[in-house]
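Worksheet: one structure, shown below.
Protein chains get the first letters and strands the later ones, always in sequence-line order, with residue 1 at the start of each. Excluded from the calculations below are hydrogen atoms, water molecules and symmetry mates; all remaining heavy atoms, backbone and side chain alike, are included.
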2 protein chains.
Amino acid sequence: MANKRITSQDVANLAGVSRTTVSLVLNEVKGIHISPETRQKVQDAAEQLGYIPNATAQALATRRTRAIGLVMTRSPHHIASDAFLPQIIGGLLDVIREHKLRLLIESVDENHRDRAYLDLVHAKHIDGMILLTPRMDDAALSKLEESDVPTVLMGKLNGTRLFSVDVNNRLAAKIAVDYLLDLGHTRIACISNAPDSYSASPERVLGYMDALEGAGIAVDEALIFYADFDPQSGFERTEALLQSGKTFTAIFVASDNVAMGVKAALRAAGRRVPEDISIVGFDDIPWAQYSDPPLTTVRLPAQELARTACMVLLDILQGVVPEQKMKILGTELVVRQSCRKL
Amino acid sequence: MANKRITSQDVANLAGVSRTTVSLVLNEVKGIHISPETRQKVQDAAEQLGYIPNATAQALATRRTRAIGLVMTRSPHHIASDAFLPQIIGGLLDVIREHKLRLLIESVDENHRDRAYLDLVHAKHIDGMILLTPRMDDAALSKLEESDVPTVLMGKLNGTRLFSVDVNNRLAAKIAVDYLLDLGHTRIACISNAPDSYSASPERVLGYMDALEGAGIAVDEALIFYADFDPQSGFERTEALLQSGKTFTAIFVASDNVAMGVKAALRAAGRRVPEDISIVGFDDIPWAQYSDPPLTTVRLPAQELARTACMVLLDILQGVVPEQKMKILGTELVVRQSCRKL
DNA sequence: GGAACTTACTAACACGTTTTAGTAACACGC
DNA sequence: GCGTGTTACTAAAACGTGTTAGTAAGTTCC
């Protein structure tokens with residue numbers, strides 16, 4: 001049934017006009033005069049033939065692919081257990097669909113990411129990109145900054161020229177730890193979400209420190225651990241924390257995903273939540289409210305972040321320069337049942 | 001810094017050859033004779049200029065976009081809480097990167113999906129597609145079947161001509177319920193993962209029935225509920241189940257994601273897992289092993305499914321016809337601590 | 001009643017590649 | 001010295017669109 005592709009030429013022939021006219025009518029180019037009758041003829045012909053413009057040819061002619069890329073630098077293993085990814089993709093798809101764009105997912109591996117970012121855009125696969133969880137030590141990023149590739153970061157990066165969308169990680173963490181302090185906890189451990197080369201991680205630890213200092217409590221470095229995104233790493237850090245022999249009555253875990261592992265490790269060690277140990281998480285992934293006990297956590301508006309990042313990128317692509325370099329979205333402490341009053 | 005795009009013409013000029021030769025050399029076209037010196041000259045020139053072929057132009061000329069689409073028919077809300085999506089994307093990216101392809105994510109909304117599938121391919125955005133959780137009542141699918149668009153289904157669809165990759169949902173469900181029977185349970189409820197228009201859902205319910213019938217237990221329709229992918233729906237169905245007044249000692253929940261809500265509802269009603277109620281899940285999402293108690297569930301090899309689907313699609317794209325219409329991957333009952341012996 | 005403008009279109013080029021059809025030069029067999 | 005092959009390349013067509021520059025006809029202005 002190899003039905004030949006229908007081109008704008010076919011439409012032109014059927015309508016009895018030139019290909020140019022077809023293009024002008026179907027793209028609703030303004031500032032140009034086409035008679036209503038001709039317009040109708042073209043539309044009818046296109047309809048009748050079921051004409052679908054070839055996106056590739058359009059992209060070549062306009063030098064716009066109408067696609068944006070979501071670029072991740074994490075390993076396939078980390079991607080697979082990222083509870084946020086669906087929310088982010090959901091948010092992006094929302095905006096993208098409205099604007100008739102497409103979404104390309106790319107993961108750039110550690111080794112040759114220096115070229116990869118730029119290549120993506122140079123090869124004209126995408127018009128611009130959204131960069132997820134950028135690392136501060138990423139040399140490739142500085143190349144990106146120098147070029148004029150439309151880019152929006154999800155996450156903060158100190159001293160970058162790039163546009164970004166984020167939450168105030170430090171303040172949100174402080175509020176979470178303040179909550180534990182208010183409940184009377186004074187020995188509070190901290191397990192951060194990721195290695196400290198990922199900007200959100202040290203920010204959240206700083207917020208943890210801010211809270212302690214605000215309460216006049218000395219920070220004990222031995223109570224601070226850095227996990228690695230997934231529950232397993234939370235499990236391991238918690239084992240280390242328990243074996244350290246340090247006493248503590250609460251843990252601030254800067255990632256719900258990691259907190260899953262933390263809770264499992266506590267359970268394995270016979271410590272109950274919240275009776276023995278209180279836990280505050282971070283992110284409010286969809287499973288946080290269904291865990292046992294329901295996790296008290298900081299709600300990070302993942303979908304909103306994605307939506308906003310996408311809208312900023314679209315602005316840039318249309319030549320509109322956003323008024324602010326960095327957009328900060330609000331967070332909210334969601335109190336559930338994983339903490340108790342001392 | 002608007003550094004002009006470098007084209008193959010630039011490379012040709014620098015190397016002192018024609019554009020054709022550049023193309024022949026860089027694409028390593030075989031069956032053609034180019035002297036080693038010329039070959040070197042071209043490669044040097046390309047290297048020196050940092051030449052990156054324009055993917056759009058290549059796509060137009062070759063009529064291959066080197067992109068495949070992951071198409072979902074679920075709503076943005078469901079996408080956001082889909083614990084599988086990251087695994088699937090991870091699996092796809094694995095294969096795709098090896099083959100220097102790209103991955104396009106598309107969600108097709110309920111309303112106008114009749115055209116949407118075909119348009120994607122006709123517009124030449126993608127060479128082929130992987131369809132996630134297809135619905136049996138999807139009229140658009142039959143149009144897809146008639147066309148010769150390279151497509152692979154993740155999930156089973158009765159009587160389809162399309163290639164598909166799946167697990168044996170029915171058998172896997174039977175094994176899960178057999179396990180509960182072996183533990184001595186006889187009053188076993190069933191909460192399926194999704195409405196029964198999604199093929200996996202009725203399959204799993206059938207497996208549940210198979211097990212009961214195999215044990216000589218009559219199926220009680222009042223113990224069977226259909227959830228809607230997310231934890232919330234599991235919560236609600238469980239409330240309904242509890243209010244029905246029916247007695248039961250175990251629940252087979254055909255989705256870990258839904259099981260999260262089921263457990264929360266049981267907890268809210270004061271029923272403990274596994275002391276009062278045993279639960280077997282399905283999927284083995286990354287959080288199943290970290291829930292409290294760790295969830296006994298059927299491991300569904302999500303990444304492998306995605307990888308396999310992708311490889312089948314690539315075969316089709318290269319003109320290789322897979323020997324089997326349907327590839328079935330194995331599942332495995334992962335026994336943890338959410339069930340007790342009666 | 002001619003210059004200036006507007007309307008309604010179209011011819012032809014541009015986008016950057018792949019690929020087909022060729023060509024020129026040289027070798028080989030007889 | 002003439003066909004036949006082979007080697008090493010190139011000119012030009014093709015892919016399907018967007019867009020610029022132009023044209024012919026009709027209208028308005030004074």
Side-chain angles (χ1 to χ4, degrees), chain A residues 3-43 45-46 49-67 100 119 121-125 127, chain B residues 3-43 45-46 49-67 100 119 121-125 127:
Chain A
N3 41 355
K4 240 185 84 263
R5 262 208 66 80
I6 287 153
T7 73
S8 63
Q9 185 65 62
D10 298 328
V11 177
N13 291 344
L14 182 58
V17 298
S18 74
R19 225 167 36 72
T20 306
T21 305
V22 172
S23 171
L24 294 176
V25 170
L26 296 183
N27 293 327
E28 291 169 3
V29 177
K30 46 194 120 189
I32 217 103
H33 308 270
I34 307 280
S35 72
E37 304 87 64
T38 307
R39 225 169 256 282
Q40 194 60 51
K41 268 193 300 181
V42 171
Q43 272 155 359
L49 294 173
Y51 170 63
I52 299 170
N54 182 312
T56 303
Q58 284 180 320
L60 186 58
T62 58
R63 264 146 302 195
R64 290 285 216 108
T65 59
R66 301 192 65 76
K100 311 236 163 126
D119 286 5
V121 184
H122 279 167
K124 274 294 153 208
H125 287 145
D127 295 332
Chain B
N3 40 357
K4 242 185 79 265
R5 264 208 64 81
I6 288 153
T7 73
S8 64
Q9 185 65 64
D10 298 327
V11 177
N13 291 344
L14 182 59
V17 297
S18 73
R19 237 182 47 247
T20 307
T21 305
V22 172
S23 172
L24 294 176
V25 170
L26 296 184
N27 292 326
E28 292 168 3
V29 177
K30 45 195 125 188
I32 217 102
H33 307 272
I34 307 279
S35 73
E37 305 87 63
T38 308
R39 225 169 255 280
Q40 194 59 50
K41 268 193 299 182
V42 170
Q43 272 154 359
L49 294 173
Y51 170 63
I52 299 170
N54 181 312
T56 304
Q58 284 180 319
L60 186 58
T62 58
R63 266 145 300 190
R64 290 289 215 105
T65 60
R66 303 193 64 76
K100 310 236 164 126
D119 286 5
V121 185
H122 279 166
K124 274 295 154 209
H125 288 146
D127 295 333

Notebook entry, point to check: How far does the helix from C:dG1-D:dC30 to C:dC30-D:dG1 bend, going by the axes of its first and last five pairs, to the nearest 10°?
Noted result: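 Here the helix ends are tilted 50° relative to one another.
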Does a nitrogen or oxygen in the side chain of [X] sit under 4.0 Å from OP1 or OP2 of [N]?
X     : N      : result
A:S35 : C:dT7  : no
B:T7  : C:dG16 : no
B:T21 : D:dT10 : yes

Rounded interatomic separation in angstrom, taking [atom1] from [X] and [atom2] from [N]:
X     : N      : atom1 : atom2 : answer
B:I34 : D:dT6  : CD1   : P     : 17 Å
B:H33 : C:dC26 : NE2   : C1'   : 14 Å
B:L60 : D:dA13 : CG    : P     : 17 Å
A:Q9  : C:dA11 : CD    : C1'   : 12 Å
B:I6  : C:dT17 : CD1   : C1'   : 16 Å
A:K41 : C:dT10 : NZ    : C1'   : 14 Å
A:N13 : D:dT17 : CG    : C1'   : 15 Å
B:R66 : C:dT18 : CZ    : C1'   : 14 Å

Notebook entry, point to check: What pairs of residues pass the side-chain hydrogen bond (donor to acceptor under 3.5 Å, both in side chains) test when at least one of them lies in residues 8-19 of chain A, not counting sequence neighbours?
Noted result: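 Qualifying pairs, neighbours excluded: A:Q9-A:N13, A:S18-A:T21.
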Next item on the list: For B:Q43, check side-chain hydrogen bond (donor to acceptor under 3.5 Å, both in side chains) against everything at least two apart and list the hits.
Entry: none
Next item on the list: Heavy atoms under 4.0 Å is the rule here; annotate nucleotides 18-26 of chain D 5' to 3' with B where the base is hit, S where only the sugar-phosphate is, and - elsewhere.
Entry: BBB------
Next item on the list: Quick one: list whatever passes side-chain contact (heavy atoms from CB on, under 4.5 Å) with A:R64, sequence neighbours left out.
Entry: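 Only A:T62, A:D127, A:L317 meet the side-chain contact (heavy atoms from CB on, under 4.5 Å) criterion with A:R64.
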Notebook entry, point to check: Taking only residues two or more places apart in sequence or in another chain, which ones pass side-chain contact (heavy atoms from CB on, under 4.5 Å) with B:A45?
Noted result: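 side-chain contact (heavy atoms from CB on, under 4.5 Å) list for B:A45, sorted by chain: B:V11, B:L14, B:A15.
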Output side-chain donor-acceptor pairs under 3.5 Å for residues 52-59 of chain A, partner residues at least two apart or in another chain, one line each.
| from | atom 1 | to | atom 2 | distance (Å) |
| --- | --- | --- | --- | --- |
| A:N54 | OD1 | A:T56 | N | 2.7 |
| A:N54 | OD1 | A:A57 | N | 3.0 |
| A:T56 | OG1 | B:K124 | O | 3.4 |

Check: B:T38 near the nucleic acid: base, sugar-phosphate alone, or nothing, with a heavy-atom cut-off under 4.0 Å?
Finding: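 Contact class for B:T38: sugar-phosphate only.
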Report, one line per pair, each donor and acceptor closer than 3.5 Å where one atom sits in a side chain of residues 24-36 of chain B; sequence neighbours left out.
| from | atom 1 | to | atom 2 | distance (Å) |
| --- | --- | --- | --- | --- |
| B:N27 | ND2 | B:S23 | O | 3.2 |
| B:N27 | ND2 | B:S23 | OG | 3.4 |
| B:S35 | OG | B:T38 | N | 3.3 |
| B:S35 | OG | B:T38 | OG1 | 2.8 |

